[in-house]
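A short worksheet on the structure shown next.
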Protein chains: 2
Amino acid sequence: MVVGLPTKPDAAGPEFDEDQVDLIFHALSDRTRRDIMGKVSQSEQSISDLARQYEVSFAAIQKHVSVLEKASLVTKRVDGRQKLVQNNPETLRRATELLAEYERIWTQRINAIGQILGEERQVGDRKRAEERKRR
Amino acid sequence: MVVGLPTKPDAAGPEFDEDQVDLIFHALSDRTRRDIMGKVSQSEQSISDLARQYEVSFAAIQKHVSVLEKASLVTKRVDGRQKLVQNNPETLRRATELLAEYERIWTQRINAIGQILGEERQVGDRKRAEERKRR
DNA sequence: CAAACCTACAACCATTTGGTTGTAACTTAG
DNA sequence: CTAAGTTACAACCAAATGGTTGTAGGTTTG
């Protein structure tokens, strides 16, 4: 429901918020954060619980969690004096579908390469024409 | 052949090179680079071709392509005085499977949450015991 | 050959990132 | 109430990032 993956293969791209995509991929590009995702997926944990399991400072883990939270990959739930971090499967699913969608879009032409030799040349020609415009 | 995705659902994690995962997700976390992926998937293009389509400088695009290349998301093929950038569907497929794998691993416990209430408590207890160690 | 084109790369700059320590506020336990 | 535990956040720092311009080296083209 939150998602809205396109179903047309020829669409320019998914109607995703590009900022959100930036945040998600950026959040996943750090191995400590990926590791945190793994830990909180087994059981929700407080920031302190998490911080205790890494070499870095409490504040550093706090920032990592914040990055994950801004990407909606985890949520925080207050429980007394601590906040429990839990992962958000919905965003995870969404991210997976998103990348699968990118894969489909970005490789569709490749799969049809044999059928479009003529068009390929045309594309090249059009490109060369644009080039002459010299902007 | 390059890949090595795990097939066991209960494995701790995929035997992927964590550095490579960092590179791939980081490369995908920038919308200009994602856009470049889209363009080169339609037809391989020289760096100049690409640069002409963006506001930023040639060198900036050169750097973006370099980031994509280090993540193995694109390859470069020399053609006379220019180098043609083409996307690498294999890495794309690999990345998609990787994220799907993460999704599966990171959400498996959630799906079984009803069945492991006892274990969940045990996990909590073990955690509290570790906490007493006070490192 | 000379001019134009394409690419690589260095040097530089502003901003972001990932890390630190320190301080303040709130919650629970004694 | 006091002390300990947990979190939030500010201030600071080094390194990485994304951008710039400039220079140099290959490749075509006229």
Side-chain angles (χ1 to χ4, degrees), chain A residues 18-19 22-37 40 44-71 74-86 124 127-135, chain B residues 18-19 22-36 40 44-71 73-86 124 127-135:
Chain A
E18 289 287 311
D19 290 325
D22 284 359
L23 291 178
I24 291 174
F25 282 134
H26 169 66
L28 293 176
S29 74
D30 181 283
R31 75 196 65 189
T32 298
R33 286 193 289 265
R34 290 194 300 272
D35 201 64
I36 289 176
M37 287 297 293
V40 302
E44 54 182 8
Q45 299 187 36
S46 70
I47 320 264
S48 292
D49 285 341
L50 289 170
R52 235 170 264 122
Q53 303 172 61
Y54 298 91
E55 301 284 292
V56 298
S57 70
F58 170 83
I61 296 300
Q62 216 175 12
K63 284 190 183 180
H64 279 308
V65 170
S66 172
V67 169
L68 290 170
E69 191 182 22
K70 282 182 181 120
V74 301
T75 56
K76 280 192 269 189
R77 169 172 88 78
V78 26
D79 173 46
R81 70 180 152 187
Q82 59 189 6
K83 288 200 180 168
L84 298 180
V85 181
Q86 53 193 174
K127 200 142 290 154
R128 224 158 284 125
E130 270 189 317
E131 186 173 342
R132 275 188 212 98
K133 280 164 50 187
R134 294 280 294 123
R135 62 183 242 89
Chain B
E18 288 288 309
D19 289 324
D22 285 358
L23 292 178
I24 291 174
F25 282 133
H26 168 67
L28 293 176
S29 73
D30 182 283
R31 74 196 64 190
T32 300
R33 286 193 290 263
R34 290 194 299 272
D35 201 65
I36 289 176
V40 301
E44 54 182 6
Q45 298 187 35
S46 71
I47 321 264
S48 292
D49 287 340
L50 289 170
R52 236 171 264 123
Q53 304 173 59
Y54 297 91
E55 302 284 290
V56 299
S57 69
F58 171 83
I61 296 299
Q62 215 174 14
K63 283 191 184 180
H64 279 308
V65 170
S66 172
V67 169
L68 290 170
E69 190 182 23
K70 283 184 180 117
L73 284 165
V74 302
T75 55
K76 279 191 270 188
R77 168 172 89 78
V78 25
D79 172 46
R81 69 179 153 188
Q82 59 189 5
K83 287 200 181 169
L84 298 180
V85 182
Q86 54 194 174
K127 202 143 289 153
R128 225 159 283 125
E130 272 188 317
E131 188 174 336
R132 277 188 210 98
K133 280 165 52 188
R134 296 281 293 121
R135 58 183 249 85

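Here is how names work: the chains are called A, B, and so on, in the same order as the sequence lines, proteins then strands, and each is numbered from 1.
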Partners meeting side-chain contact (heavy atoms from CB on, under 4.5 Å) with A51(B) (sequence neighbours left out): F58(B), I61(B)

B/S/- contact track for nucleotides 17-30 of chain C, protein heavy atom under 4.0 Å: -SBBB-----BB--

Residue pairs involving residues 23-36 of chain A (criterion salt bridge (Lys or Arg N to Asp or Glu O under 4.0 Å); sequence neighbours excluded): R31(A)-D19(B), R31(A)-D22(B), R34(A)-E18(B), R34(A)-D22(B), D35(A)-K39(A)

Listed partners of S57(B) passing side-chain contact (heavy atoms from CB on, under 4.5 Å), at least two apart: A59(B), A60(B)

Listed partners of S46(A) passing side-chain contact (heavy atoms from CB on, under 4.5 Å), at least two apart: S48(A), D49(A), Q82(A), L84(A)

Short side-chain N/O contact from K76(A) to OP1 or OP2 of dT7(D), under 4.0 Å: no

side-chain N/O K83(B) vs dA8(C) OP1/OP2, d < 4.0 Å: yes

Rounded distance in Å - CD (Q45(A)) to P (dG5(D)): 19 Å

Rounded distance in Å - CD1 (I47(B)) to P (dT27(D)): 16 Å

Contacts of type side-chain contact (heavy atoms from CB on, under 4.5 Å), residue K76(B), not counting sequence neighbours: I47(B), V65(B), E69(B), K83(B), V85(B)

Nucleotide dA4(D), atom C1' - distance to CZ of R52(A) in whole Å: 13 Å

L50(B) side chain near V40(B) side chain, heavy-atom distance below 4.5 Å: yes

OP1 or OP2 of dC5(C) under 4.0 Å from side-chain N/O of S48(B): no

Atom-pair distance (CZ on R77(B); P on dT27(D)), nearest Å: 15 Å

